[in-house]
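First up is the structure itself, then whatever we jot down about it.
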Amino acid sequence: MRSYEIYKVKNEYLSFIIGRERLLYDLLREETNHQQPAQEIQYLCDHIEELTIDEAIMDHLGKNFSSVEADEGSYRLTHPMKGSIYISVSPYSVQAYCDGSRMLDLDLFVALSGSHDRYFAVMEGVGEWGWLKPVKHANHLVSEKMISF
């Protein structure tokens with residue numbers, strides 16, 4: 001089973017985070033072991049809107065699964081070939097547990113990144129992390145810096 005913690009980075013800090021993803025990963029990796037979000041997490045990450053996550057899961061992700069169960073911020077989606085995804089929402093992160101094919105992970109990432117492009121995922125215990133969708137803001141910053149030289 002693969003487990004992920006997914007955070008939504010605040011828009012105003014994207015320019016600071018881009019290129020420093022390893023530092024963000026180190027901070028978020030430490031956060032997964034605590035019940036109360038650290039001040040750094042509250043400062044860098046947006047509060048997760050449960051309605052937005054519910055919409056992404058039920059409207060985009062749920063239509064591809066044979067069984068969808070939802071209960072107050074928790075979801076279980078089952079596909080006969082791919083396996084199951086268990087999702088829970090907390091104030092600053094989305095926890096996802098994928099049991100089955102890696103296609104489950106991709107389905108989840110596509111559904112969430114469709115709502116915002118600022119989601120950053122940390123895979124617990126493996127040392128994998130990254131943006132769910134390439135951040136468009138990065139190209140704009142590079143262009144501006146190249147013009148100013």
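Values below: all heavy atoms of this structure, side chains included; hydrogens, waters and symmetry mates excluded.
- Distance check: Ile87 CD1 to Ile57 CD1 gives 3.5 Å after rounding to the nearest 0.5 Å.
- One distance of note links CD1 of Ile41 with CG of Leu27; it measures 4.0 Å at 0.5 Å rounding.
- The salt bridge (Lys or Arg N to Asp or Glu O under 4.0 Å) search around Arg22 returns Asp26, not counting sequence neighbours.
- Rounded to the nearest 0.5 angstrom, Leu28 CG and Tyr92 OH are separated by 13.5 Å.
- Distance check, rounded to the nearest 0.5 Å: OG of Ser3 to OH of Tyr97 gives 6.0 Å.
- Heavy-atom minimum distance, Leu112 versus Ala56: CD2-CB, 4.3 Å.
- Using bins of under 30°, 30° to 60° and over 60° for the plane-to-plane angle, the ring pair Trp129/Tyr25 lands in the parallel bin.
- Judged by a 6.0 Å distance limit and a 45° cone about the ring axis, Arg20 is positioned over the six-membered ring of Phe16.
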Show me the donor-acceptor pairs within less than 3.5 Å that the side chains of residues 67-86 make with the rest of the protein, sequence neighbours left out.
{"residue": "Tyr75", "atom": "OH", "partner": "Asp54", "partner atom": "OD1", "Å": "2.8"}
{"residue": "Arg76", "atom": "NH2", "partner": "Tyr86", "partner atom": "OH", "Å": "3.4"}
{"residue": "Thr78", "atom": "OG1", "partner": "Ser84", "partner atom": "OG", "Å": "3.3"}
{"residue": "His79", "atom": "ND1", "partner": "Met81", "partner atom": "N", "Å": "3.1"}
{"residue": "His79", "atom": "ND1", "partner": "Lys82", "partner atom": "N", "Å": "3.1"}
{"residue": "Lys82", "atom": "NZ", "partner": "Asp107", "partner atom": "OD2", "Å": "2.6"}

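- Here the shortest heavy-atom pairing between Ala121 and Leu132 reads CB-CD2, 3.7 Å.
- Summarising the geometry, atom CD1 belonging to Ile17 is positioned 8.0 Å from atom CG belonging to Leu23; distances are rounded to the nearest 0.5 Å.
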Audit row: Ile48, Tyr7, side-chain contact (heavy atoms from CB on, under 4.5 Å) steps and yes/no | CA-CA 8 Å; Ile48 301 289; Tyr7 299 86; over 6 Å; no
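- For Asp46, the side chain to side chain contact (heavy atoms under 4.5 Å, CB included) partners at least two apart in sequence or on another chain are Lys8, Lys10, Arg118.
- Side-chain atoms of Ser101 never come within 3.5 Å of backbone atoms of Leu104 as a donor-acceptor pair (strictly under, hydrogens ignored).
- Not counting sequence neighbours, the partners of Glu128 by the side chain to side chain contact (heavy atoms under 4.5 Å, CB included) test are Arg102, Met123, Val126.
- When the side-chain hydrogen bond (donor to acceptor under 3.5 Å, both in side chains) test is applied to Ser88, the partners found at least two apart in sequence or on another chain are Gln95.
- In this view, Tyr13 and Tyr43 satisfy the ring-ring contact (aromatic ring centres under 6.0 Å, His included) rule, not counting sequence neighbours.
- Ring centroid separation for the pair Phe109 and Tyr119 does not come in under the 6.0 Å cut-off.
- The backbone N or O of Val110 lies less than 3.5 Å from a partner atom in the side chain of Ser113, making a donor-acceptor pair.
- In this structure a side-chain-to-backbone donor-acceptor pair under 3.5 Å is missing from Glu55 to Ile53.
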